[in-house]
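A short worksheet on the structure shown next.
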Amino acid sequence: MKYHFNEIEAKWQKYWASNDTFKAKNNSNKPKFYVLDMFPYPSGAGLHVGHPLGYIASDIYARYKRHKGFNVLHPMGYDSFGLPAEQYAIQTGQHPAKTTETNIATYRRQMDQIGFSFDWSREIRTSNPDYYKHTQWIFSQLFDSYYCKDADQARPISALITIFEKEGNTTVNAVCDEDITSFSAQDWKQFTLIQKQEILLKYRLTFLSDTEVNWCPALGTVLANDEIVNGVSERGGHPVVRKKMKQWSMRITAYAQRLLDGLDTIDWPQSLKDAQTNWIGRSEGAMVHFKIKDSDKSISVFTTRPDTIFGVSFMTLAPEHELVAEITTPENKAAVEKYIKATAKRSERDRMADVKTISGQFTGAYVAHPFTGEAIPIWIGDYVLAGYGTGAVMAVPCGDQRDYDFAKHFAIPIPNIFRDIDISEHACEDKDAVIANSDFLDGMPAKKAIKKMIYELEQKGMGTGKINYRLRDAVFSRQRYWGEPFPVYYKDGMPQIIAKEHLPVLLPEVEKYLPTDDGKPPLGNATKWAWDTVNNEVVDNSQIDDKTIFPLELNTMPGWAGSSWYFNRYMDAHNTDAFASKEALAYWRDVDLYIGGSEHATGHLLYSRFWQKFLFDKGFVPVDEYAKKLINQGMILGTSAFIYRWEYAHEDAAKEKTIFVSKHKMESIIKERASIEKSKRNQVHENLDLAATTDRKSNAKEQWSGFTPIHVNVNMVNASNELDIAAFKNDPIHSAYQDAEFITEADGTFIVGREVEKMSKSKYNVVNPDDICHDYGADTLRMYEMFLGPLEQAKPWNTAGITGVHGFLKKLWKRYIVNDTFSVSDEEPSAEELKILHKTIKKVEEDIANFSFNTSVSTFMIAVNELTALQCNKRAILEPLAVLIEPYAPHLAEELWQQLGHKESIAHVPFPKYEEKYLVESSKVYPISFNGKMRFTMELSLDLSKEAIEKAVMSYEKTQKQLAGRTPKKVIVVPGKIVNIVG
RNA sequence: GCUCGAGUGGUGGAAUUGGUAGACACGUUGGACUUAAAAUCCAAUGGACAGUUAUGUCCGUGCGGGUUCAAGUCCCGCCUCGAGUACCA
């Protein structure tokens, strides 16, 4: 009986599935433990070896917790709405639901073969109506809520209406749009229904507003900033323009402070907390109002340094600032307009990337200094962004380097307001500098001066202390097909929510998935997309009468909608009334361990915290942070392979053909070429040492221009970096290279270049787990992925070491099964054997607690090496060992468990108990150092006193030999650790 | 620029509060078994030098300083690489 891993693994996977081994119960006497993975988007490429890294780690943890007596919830699902399926639908006409289903089947097969202990009975898919029904409902709850700053929580919009009816809005302290105007209870009563709705929309936690968005005409959709790379769309690389559009937004800014505060209560990686903290970008300062000369308007600016106000020598507005056109004087009009036009052409990314160019334009207008009354010129400059703060800056050139550079460039005065500080070279951004030339602030350090200034500003009514956040409200509309439809219809142009009992509003069928010809989103193609408010159902568009039947919203929700609450759904995945029952939520509460990539730091991981806090405010969930602990797994990188194309131009273009050169050959050519270049610069290329290429030898009329690296599929390259040329030529992807010539090394091999890059389809460096499962088994894959290195570290995939792990499993197998026969003895174990076992238990438990799975694998190897050396085959050792290793190699462990005579699965067997007594040592091999350098070791009893140790060491013959007659100055004895002799 | 990580043999990586640097694997070399190969097993393996051996000496955790009986680990100053972020007022 050999270790037939394929048979064993298939057998146990089937057993687990048919016995519901990993099904979690929603009530239990055991303590609960919830282990969550970030659910994948099921892409067409299938799972690659990078995906399972985090899943293996969480699976080990989940399995370990089951052995430790926990009721473990370890679910999996799919984030199945998304752009790739839609793009594929546009290209092929295949319905995204169909594509998604096919991809999910592949993912499921691949995950099953790795032996994860997921409770598949709770599987969820965000694109299922049963699921997005609740996403729609949460949206409607946000719509029906506003954020009360006094209570510091979300409140029902009905409560706000009650206040409006009684007192108007002047006493309301709520988060709302900037442009809100005051009204009385009397006013409110007189407003029309539409006016009331318009006002309420300015308070709702999800609201419609005209937002400047990144519009991608080719995709027919709006993109988030993080979906744009180098000014073009991340997917497809299409151009993007800025455009105003009516969009749904989420008032996440209402939660800015709570999102910051919450970070202190959760055990997440510091780097991730830092990322969120920076993203939210809290800064304390003041809002200052500068009155425009010869106008009754004023310009507000936010500043973190109100104490430097006496150093203001100009003001800069973003070119997009709403007052620019109004204040510009006739003589500056042409220049200002020209500058605005130039700025508009540059994308926001462009403007931000260019730090060196200083540009700007004077408007001709002035504001009055709030304290001195002095006229301060107003400039516009593209270093000021419309989207941050108020889009205006009070420029203090002596205290800010950018303002300083701007002033220098345009010869604007630079008054110095710091005592004894030289600003002839650069600005002084030191917060400890003492203020001077500043009236009532003279002699104060910044901290004190800031407080004083805010007080003065508030006294004069010229400003207020303010906390500003960088965080912006999140745009929530997408002009896409494959997403959740909004539960919204429009009556008189105002959005109306569809009640819970009529959800879900199902995604309609469409002829094509592109935007309509008149620029409406894809849902504009649907012919049956109107809401009948009498029968509460979707009806044909032709029935729209704007009395009882109205048009439905054409946008769909973004990808992050479904992923912002999915962790709650797993608790009660089949509930049809609610997203989860109160009982289920009360029992599971929150995620105990969440594992996923750090790339979601400012997306999913921020939005989901926001939604959770909202649901908490509404009393729908019991906790306001849903994940107690989070671990980021590092990315598994690919090792790309390159071949090098010889770039040359032949006199006769028809005679040109593609030539690839082996790596070392290429290097010698480049070297040789360089020396030729030296002697005969710019000469026609004379053929180099290319014995194999006779054609080239007779025809020397080629202009050489270097080598271009081309990605080749890593699966065509062996471990020695040799390319399988035939396979390369046969690959349909490379049909263009069928007649290519390959110049090999002297020994006839063709060597590729290697480079570590992100694993991606376009780089042909994707390694999928299927082959490894087939060749070595899932248990080997699991252990090897863990053995690669620390979980949180990024690392290149390299199968070179996999034989070591596989060999280890075979060696382990042989402890139980010798010469094809199960042979475990019931003999009493020796002290030495018990010591090996308990040492291993201790180390493995510590490793799991520290998520140091790579060192656990080493620990197992050491244990098996040592037990092999002792020829140990005793049940008292091997039975617990099987349980120890089960989280890592579950199939093998199940098989051994069965061989050991057990009928039940190993999955819930208690973890072996570590007992200190087996590790107690009576002696220690002390390292004896001289001046810190270890010279020899000496075994001594552990009950010796310090003095006794020193005596024993000093009288030892080797010590005296080392000292060679010298007398030590000092002897350091650390009992149980080390002896160091100084002198 | 800023923030956060990280630099250890030929390679991936160990070293839990400062206490024997290089665990465990890969690779390489030599050997056993075999007609042969695969598989398996055994041995050696940071570098340099000395020695017949036993062994010994020196150097060694990116670089330069420091603290300490003792530093991969702590402190100061650099360099390099990676990730994130950015004219944030």
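Throughout, a chain's letter reflects where its sequence line sits, starting with A, and its residues are numbered from 1.
Following rounding to the nearest Å, A:Q401 (CD) and B:rG1 (P) show an atom-to-atom distance of 14 Å. Atom-to-atom, CG of A:N931 to P of B:rA71 comes out at 11 Å; the value is rounded to the nearest Å. Going from atom CD1 of A:I972 over to atom P of B:rA70 covers 9 Å, rounded to whole Å. Residue A:W797 contributes atom CH2, which lies 14 Å from atom C1' of B:rC26 at whole-angstrom precision. Between A:F930 atom CZ and B:rU57 atom P the separation is 10 Å, expressed in whole Å. Taking atom CG of residue A:L471 and atom P of nucleotide B:rU85, one finds them 14 Å apart after rounding to whole Å. Atom pair A:K273:NZ and B:rG5:C1' shows a separation of 17 Å (rounding to whole Å applied). Atom CZ in A:F808 sits roughly 15 Å away from atom C1' in B:rA23 (whole-Å rounding).
Residue A:R935 has a polar side-chain atom (N or O) positioned under 4.0 Å from OP1 or OP2 of B:rC58. Look at A:N865 and you'll find a side-chain N or O under 4.0 angstrom from OP1 or OP2 of B:rA25.
Nearest to the side-chain atoms of A:M861 among the listed nucleotides B:rA89, B:rA25, B:rA39 stands B:rA25. With B:rA89, B:rC41, B:rU17 as the candidates, the nucleotide lying closest to the side chain of A:K811 is B:rC41. Of the candidate nucleotides B:rC4, B:rA89, B:rG27, B:rC4 has the atom lying nearest to any side-chain atom of A:D274. Of all nucleotides listed (B:rU40, B:rA89, B:rA70), B:rU40 comes nearest to the side chain of A:K814. Taking every side-chain heavy atom of A:I978 into account, B:rU20 is the closest of B:rU20, B:rU85, B:rC24. Taking every side-chain heavy atom of A:K810 into account, B:rA39 is the closest of B:rA39, B:rA89, B:rU3. Ranking B:rG19, B:rC24, B:rA21 by closeness to the A:M934 side chain, first place goes to B:rA21.
B:rG31 and B:rC24: their C1' atoms are spaced 24 Å apart (whole Å). Spacing of P atoms, B:rC59 relative to B:rG64, comes out at 14 Å, to the nearest Å. Rounded to a whole angstrom, the distance from the P atom of B:rU73 to that of B:rC2 is 24 Å. Comparing the P positions of B:rA14 and B:rA23 gives a spacing of 13 Å, expressed to the nearest Å. Going from the P atom of B:rA43 to that of B:rU52 covers 28 Å, rounded to whole Å. Distance check on atom C1': B:rG19 versus B:rG77 gives 27 Å, rounded to whole Å. Distance check on atom C1': B:rG9 versus B:rG47 gives 9 Å, rounded to whole Å. Taking atom P in both B:rU16 and B:rA21, the straight-line distance is 14 Å, to the nearest Å.
Each of A:T803 and A:M394 was matched to the nucleotide of RNA chain B holding its nearest heavy atom; the match closer to the 5' end belongs to A:T803. RNA chain B is contacted by both A:R305 and A:K958; A:K958 maps to the nucleotide lying nearer its 5′ end (nearest heavy atom per residue).
By the 4.0 Å N-to-carboxylate-O rule, A:K946 lies too far from A:E950 to be salt-bridged with it. Contact check on A:K835 versus A:E921 returns a salt bridge, with a Lys/Arg side-chain nitrogen under 4.0 Å from an Asp/Glu carboxylate oxygen. A salt bridge between A:E785 and A:K795 is absent, with no side-chain N of the basic residue lying under 4.0 Å from a carboxylate O of the acidic one. Salt bridge annotation for A:E845-A:K843: absent, with no cationic side-chain nitrogen under 4.0 angstrom from a carboxylate oxygen.
No side-chain donor-acceptor contact under 3.5 Å links A:Y3 to the backbone of A:K814. Listed for the A:D403 side chain is a donor-acceptor partner under 3.5 Å among the backbone atoms of A:V396. Between the A:R282 side chain and the A:Y469 main chain, no donor and acceptor come within less than 3.5 Å of each other.
Within 4.0 Å of A:A800, counting heavy atoms only, lie sugar-phosphate atoms of the nucleic acid but no base atom. Within the nucleic acid shown, A:V982 comes within 4.0 Å of sugar-phosphate atoms alone, with no base atom in reach, counting heavy atoms only. Counting non-hydrogen atoms under 4.0 angstrom, A:V301 reaches nothing in the nucleic acid.
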request  = Classify every nucleotide of nucleotides 9-16 of chain B by which part a protein heavy atom approaches to under 4.0 Å, writing B for the base, S for the sugar-phosphate alone and - for neither, in 5'-to-3' order.
outcome  = ---BSS-B
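Shown here are the salt bridge (charged side-chain N to carboxylate O under 4.0 Å, His left out) partners of A:R305, two or more places apart in sequence or in another chain: A:D307.
Within a 6.0 Å radius of CE in A:M635, other residues, nucleotides and ligands contribute 12 heavy atoms or fewer.
With its glycosidic angle more than 90° from 0, B:rG51 is assigned anti.
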ask   = Hey, mind stepping through A:T303 and A:V393 against side chain to side chain contact (heavy atoms under 4.5 Å, CB included) and telling me if it holds?
value = CA-CA 7 Å; A:T303 176; A:V393 176; over 6 Å; no
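Residue A:K842 holds its NZ atom at 4.5 Å from OH of A:Y914, rounded to the nearest 0.5 Å.
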ask   = Which dot-bracket string fits RNA chain B when only Watson-Crick or G-U wobble pairs with both atom distances under 3.5 Å count, crossing pairs get [ ], and | stands for a partner on a different strand?
value = (((((((..(((......[....)))((((((.......))))))(((((....)))))..(((((..]....))))))))))))....
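A:I417 has its side chain within reach of A:C398: a pair of non-hydrogen atoms, C-beta onward, lies under 4.5 Å apart.
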